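Since the structure comes first, as structure tokens, the remarks are kept for the end.
The first residue of the sequence shown is numbered 1, and numbering continues consecutively from there. The structure displayed is predicted, hence computed values, not measured ones.
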Amino acid sequence: QVQLVESGGGLVQAGGSLRLSCAASRNIFSVISMGWYRQAPGRERELVATITRGGLTKYADSVKGRFTISRDNAKDTVYLQLNSLKPDDTAVYYCKANAEGNAYWGQGTQVTVSS
């Protein structure tokens, strides 16, 4: 089994920055990709960014140029740097790993951006 734990969320002013981390409880084998999703109250969970084992990245159009996803394969850890934050970025951010033939989710970390 794999447990993913997110950290780094918090309350920031618009225009501020946060760095989220997602760490796995053990080494993950056969990783296809890891990524970040977010969900605001009353809205569907949406893809924010993904990164493959080889480092290829994809971003939602709404965050391109502001967020950066990165990873440390040796630590099975993925990061999300959130810059130029907007109130619309307020959501619970979830880490996801596609590996070992399964999808694994973290418990989420709250990001709140005030005006």
- Item | Carboxylate-amine/guanidinium contact K64 D61, below 4.0 Å |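 Here K64 pairs with D61 in a salt bridge, since their nearest N and O are under 4.0 Å apart.
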
Between [X] and [Y], is any pair of side-chain heavy atoms under 4.5 Å apart?
{"X": "T90", "Y": "Q110", "value": "yes"}
{"X": "Y59", "Y": "V48", "value": "no"}
{"X": "T109", "Y": "S7", "value": "no"}
{"X": "R19", "Y": "Y79", "value": "yes"}
{"X": "V111", "Y": "L18", "value": "yes"}

- Query: Is a side-chain N or O of Q39 found less than 3.5 angstrom from the main chain of V92, in a donor-acceptor match?
  - Reply: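 No, because the side chain of Q39 does not come within donor-acceptor range (under 3.5 Å) of the backbone of V92.
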
- Sub-3.5 Å donor-acceptor pair from the side chain of S25 to the main-chain atoms of Q3, do we have one?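 Yes, the answer is positive, given that a donor and an acceptor are paired below the 3.5 Å cut-off.
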
- Query: Between L47, V63, L80, which is the residue that forms a side chain to side chain contact (heavy atoms under 4.5 Å, CB included) with R38?
  - Reply: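 Result: among L47, V63, L80, V63 is the only option passing the side chain to side chain contact (heavy atoms under 4.5 Å, CB included) with R38.
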
Would you compute the distance between atom [atom1] of [X] and atom [atom2] of [Y] and round it to the nearest 0.5 angstrom?
{"X": "C22", "Y": "M34", "atom1": "SG", "atom2": "CE", "value": "4.5 Å"}
{"X": "D89", "Y": "T112", "atom1": "CG", "atom2": "OG1", "value": "11.0 Å"}
{"X": "S21", "Y": "L4", "atom1": "OG", "atom2": "CG", "value": "12.5 Å"}
{"X": "F67", "Y": "L20", "atom1": "CZ", "atom2": "CG", "value": "8.5 Å"}

- Item | Candidates N98, T50, T57 - the one meeting side chain to side chain donor-acceptor pair (under 3.5 Å) with S33 |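 Of N98, T50, T57, side chain to side chain donor-acceptor pair (under 3.5 Å) with S33 is met by N98 alone.
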
- Item | Heavy atoms from other residues, nucleotides or ligands near CZ of R66 exceed 12 (cutoff 6.0 Å) |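 Check passes, neighbour count above 12.
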
- Task: Measure across S17 and S84 and return the closest heavy-atom pair with its distance rounded to 0.1 Å.
- Result: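 Smallest heavy-atom distance, with atoms named: OG-N, 4.3 Å.
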
- Query: Would you say the side-chain atoms of D72 and T77 include a donor-acceptor pair closer than 3.5 Å?
  - Reply: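 Distance-only check fails for D72 and T77.
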
- Query: When Y37 is tested against each of W105, Y94, Y93 for ring-ring contact (aromatic ring centres under 6.0 Å, His included), which residue passes?
  - Reply: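 Between Y37 and the candidates, ring-ring contact (aromatic ring centres under 6.0 Å, His included) is satisfied uniquely by W105.
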
